[in-house]
Amino acid sequence: QVQLVESGGGLVQAGGSLRLSCVASGSIFRLSPMAWYRQAPGNQRELVAAITSIGITNYVDSVKGRFTISRDNTKNTVYLQMNSLKPEDSAVYYCMNRLQESWGQGTQVTVSS
């Protein structure tokens with residue numbers, strides 16, 4: 001069973017930055033496409049960014065130019081660097097292993113105006 005553990009969330013002012021990390025257990029990480037999703041209260045969970053096993057990335061339009069997804073296969077870790085944060089970025093952010101369809105527990109990001 002793959003386990004995903006997110007960290008790095010918190011409270012930040014608008015315009016600030018945060019870096020989320022997601023550490024995965026298991027040796028299959030390097031073969032797994034990974035993604036970050038977010039869910040705000042009353043909203044559906046939405047895809048924020050994804051990265052393939054070879055590092056090809058894609059982003060939802062609302063975060064393009066502000067967020068960067070990356071991975072370090074030597075550390076079984078995927079990152080989400082979030083810059084120029086806006087109040088509408090506030091949500092619980094979840095890491096997902098898209099190969100095994102497993103989720104982390106989520107980390108709260110709150111952006112104050």
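Quick note: numbers below take in every heavy atom, side chains included, and nothing from hydrogens, waters or symmetry partners. Residue numbers count from 1 along this sequence. If you're wondering where the values come from, they're calculated on a predicted model, not measured in any experiment.
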message = Would Arg66 and Tyr59 count as a cation-pi pair here, with the cationic atom under 6.0 angstrom from the ring centre and within 45° of the axis?
response = no

key: Output field: ring centroids Trp36/Phe67 closer than 6.0 Å   = no

task = Examine distances only and state if a side-chain atom of Ser25 and a backbone atom of Gln3 form a donor-acceptor pair shorter than 3.5 Å.
result = yes

request  = Sorted by first residue and then second, give each salt bridge (Lys or Arg N to Asp or Glu O under 4.0 Å) pair with at least one member in residues 23-44; sequence neighbours left out.
outcome  = Arg38-Glu46, Arg38-Asp89

inquiry  = Just verifying a value: how many Å separate Ser62 OG and Lys86 NZ, rounded to the nearest 0.5 Å?
reply    = 8.0 Å

inquiry  = Could you measure the distance from the CD atom of Gln81 to the OG atom of Ser70? Nearest 0.5 Å is fine.
reply    = 8.0 Å

message = So, taking the atom named CD1 in Ile51 and the one named CZ in Arg98, what distance separates them when rounded to the nearest 0.5 Å?
response = 11.5 Å

Atom pair CG (Asn58) and OG1 (Thr52), whose distance is rounded to the nearest 0.5 Å = 9.0 Å

query = What is the minimum heavy-atom distance between Gly9 and Thr107, and which atoms define it?
reply = N-OG1, 3.2 Å

task = Would you kindly confirm whether Tyr94 and Val5 end up in one hydrophobic cluster when ILVMFWY residues are joined by side chain heavy atoms under 4.5 Å apart?
result = no

Which atom of Ser53 lies closest to which atom of Asn73, heavy atoms considered = O-ND2, 4.2 Å

request  = Given side chain to side chain contact (heavy atoms under 4.5 Å, CB included), test Val12 with Met82 step by step and report yes or no.
outcome  = CA-CA 11 Å; Val12 65; Met82 306 186 294; over 6 Å; no

ask   = Passes side chain to side chain contact (heavy atoms under 4.5 Å, CB included), Glu6 versus Leu20? Steps please.
value = CA-CA 7 Å; Glu6 301 104 330; Leu20 306 183; over 6 Å; no

query = Under 4.5 Å between side-chain heavy atoms, hopping through other hydrophobics if needed: is there a path connecting Met34 to Trp103?
reply = no

message = Tell me whether Thr77 contacts the main-chain N or O of Lys75 through its side chain, where contact means a donor paired with an acceptor under 3.5 Å.
response = yes

inquiry  = Donor-acceptor pair, distance only, cut-off 3.5 Å: does the side chain of Arg71 make one with the backbone of Pro33?
reply    = no

request  = Measure the spacing between OG1 of Thr74 and CG of Asp72 and express it to the nearest 0.5 Å.
outcome  = 3.5 Å

task = Find out if a path of hydrophobic residues (ILVMFWY) with successive side-chain heavy-atom gaps under 4.5 Å connects Val48 to Leu4.
result = yes

request  = Treat each ILVMFWY residue as a node, draw an edge where side-chain heavy atoms are under 4.5 Å apart, and state whether Ile28 and Val23 are in one component.
outcome  = no

ask   = Any link between Val60 and Leu18 through a network of hydrophobic side chains (Ile, Leu, Val, Met, Phe, Trp, Tyr) touching at under 4.5 Å?
value = yes

request  = State, to 0.1 Å, how close Val78 and Phe29 come at their nearest heavy-atom pair, and which atoms those are.
outcome  = N-CZ, 4.0 Å

key: Exam field: side chain Ser90 to backbone Val111, donor-acceptor pair closer than 3.5 Å   = yes

message = Do Arg19 and Leu80 have side chains that approach each other closer than 4.5 Å (heavy atoms only, starting at C-beta)?
response = no

Heavy-atom pair of closest approach, residues Ser113 and Pro87 = CB-CG, 3.8 Å

